[in-house]
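What you see is a predicted model; the values in this text were computed from it and never measured.
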Amino acid sequence: MKKILLSALIFTANLISMNAQKVSILGDSYSTYSGEVSPDWNYCWYFNDKKNEGKNDVETSDQTWWKILIKEKGYKLEKNNSFSGSTVCYTGYGKADYSDRAFITRMANLGNPDIILVFGGTNDSWAKSPIGYYEYTNWTRQQLYSFRPAFCYMINYIKSNYPKAKIYNICNSELSKEVTETEAKVCEYYGIVNIQLTDIDKQAGHPSIKGMRAIATQVGEAIK
């Protein structure tokens, strides 16, 4: 009888896993954790070897906002394509060319998800990347070195190339007015849910355990 019950439980667990919604993340340092991003050469800010000891209290990937969300919602991670320090547009810190790591470069590599969580703009704000103008079509490469046209391009691309996926944009707290307003306006234009985070506790500019929990809660409530 015990063997039958165990087999039934295993079968049920496997069935639930097979039917779980697949989530992909397109993010920056806030969504990284060493050994758990794809491609595996993406730079990470959160590590499992205490590199951030004394700067940030997050010590395991189970404390990250996305791991908490996936566990509580019963989702399955499809792909976490997050890259520390990356900007949405091609212009990074010190006006360096970040076209090798930009969101708009990595957005084609998200697998086959049911849900896409886009969490960017933080580094565009911190690096003071050019803002540019709202452009909703016929983008030139030069325009993509500015945040507004690049953000439009990204949301349009994701919506067009992942037609079966439900897309959510997550906007960090304490960003510049221009970046915050841009994310809200562009998401409204494309009919995408924009989750504006508030009161996120941070250490060294990055979510603490408390901040990660708050992000997971706010994103989870928006998805619900």
Side-chain angles (χ1 to χ4, degrees), residues 25-33 37 42-47 51-59 61 63-69 80-96 98 101-104 106 116-134 145-152 154-155 167-189 192-223:
I25 302 162
L26 182 62
D28 51 32
S29 59
Y30 278 40
S31 306
T32 61
Y33 200 88
V37 296
N42 286 3
Y43 296 165
C44 292
W45 195 88
Y46 290 96
F47 298 88
K51 284 187 178 180
N52 289 325
E53 192 170 20
K55 294 194 301 181
N56 193 286
D57 60 5
V58 174
E59 295 182 343
S61 63
Q63 295 169 322
T64 61
W65 70 268
W66 49 275
K67 270 285 186 76
I68 295 171
L69 180 71
N80 182 357
N81 193 336
S82 296
F83 195 119
S84 180
S86 61
T87 46
V88 172
C89 70
Y90 288 149
T91 305
Y93 290 91
K95 306 305 179 186
Y98 272 24
R101 68 199 68 183
F103 278 58
I104 57 176
R106 294 180 290 113
I116 296 175
L117 302 176
V118 182
F119 194 175
T122 297
N123 290 298
D124 299 80
S125 178
W126 291 356
K128 295 180 171 55
S129 301
I131 292 297
Y133 301 95
Y134 293 103
Y145 280 87
S146 298
F147 178 70
R148 278 180 177 151
F151 194 82
C152 293
M154 176 180 67
I155 297 300
I167 305 162
Y168 297 89
N169 182 68
I170 305 169
C171 185
N172 193 13
S173 61
E174 302 174 288
L175 299 186
S176 69
K177 180 180 178 181
E178 292 83 1
V179 168
T180 301
E181 289 180 348
T182 296
E183 295 201 17
K185 182 173 181 177
V186 174
C187 286
E188 182 179 11
Y189 179 87
I192 299 299
V193 174
N194 182 55
I195 305 170
Q196 178 60 61
L197 300 178
T198 59
D199 302 320
I200 304 301
D201 186 70
K202 300 169 186 175
Q203 298 169 345
H206 292 72
S208 61
I209 293 176
K210 181 180 177 182
M212 290 290 192
R213 174 72 263 182
I215 294 172
T217 297
Q218 291 177 36
V219 173
E221 288 177 348
I223 291 177

Heavy-atom pair with the smallest gap, counting every atom of V37 and T32: CG1-CA, 4.0 Å
Ring-face cation of K67 near Y33 (centre distance under 6.0 Å, axis angle within 45°): no
Would you say T87's side chain and Y90's backbone share a donor-acceptor pair under 3.5 angstrom? no
Is the count of non-hydrogen atoms from other residues, nucleotides or ligands lying under 6.0 Å from Y43 atom OH greater than 12? no
To the nearest 0.5 Å, what is the distance between CG on D124 and OH on Y98? 10.5 Å
To the nearest 0.5 angstrom, please state how far the CZ atom of R106 sits from the CZ atom of F83. 7.0 Å
Just list the side-chain donor-acceptor pairs under 3.5 Å for residues 174-181, sequence neighbours left out, or say none.
unit_1	atom_1	unit_2	atom_2	d
E174	OE1	K202	NZ	3.1
S176	OG	V179	N	3.2
T180	OG1	S176	O	3.0

If you look at every heavy atom in A102 and C89, which pair is closest and at what distance? CB-O, 3.3 Å
Can you tell me how far apart CG (N172) and OG1 (T122) are? Round to the nearest 0.5 Å. 3.5 Å
Between D57 and I209, is there a donor-acceptor pair closer than 3.5 Å when you use the side chain of the first and the backbone of the second? yes
What distance separates I215 CD1 from S173 OG, expressed to the nearest 0.5 Å? 7.5 Å
Using ring-ring contact (aromatic ring centres under 6.0 Å, His included) as the criterion, list what pairs up with F151, not counting sequence neighbours. F147
Heavy-atom donor-acceptor pair, N42 side chain to S82 backbone, under 3.5 Å: yes
Considering non-hydrogen atoms only, spot the tightest contact between S29 and W45 and give its length. CB-CB, 3.6 Å
Mark yes or no for whether Q218, through its side chain, and T198, through its backbone, hold a donor-acceptor pair below 3.5 Å. yes
Distance alone, cut at 3.5 Å: any donor-acceptor contact between the side chains of T182 and R148? yes
Can you tell me if S31 and W65 form a side-chain donor-acceptor pair at under 3.5 Å? yes
Separation between CD of Q196 and CD1 of I170, rounded to the nearest 0.5 Å: 11.0 Å
Between S129 and T91, is there a donor-acceptor pair closer than 3.5 Å when you use the side chain of the first and the backbone of the second? yes
Quick one: pull up CD1 in I131 and OG in S146 and give me the separation to the nearest 0.5 Å. 8.0 Å
Looking only at side-chain N and O atoms, does Y93 offer a donor or acceptor that is under 3.5 Å from a partner on N123? yes
Compare all side-chain heavy atoms of Y168 with those of I223 and state whether any distance is below 4.5 angstrom. yes
Spell out, as yes or no, whether a donor-acceptor pair under 3.5 Å connects the side chain of N56 to the backbone of H206. yes
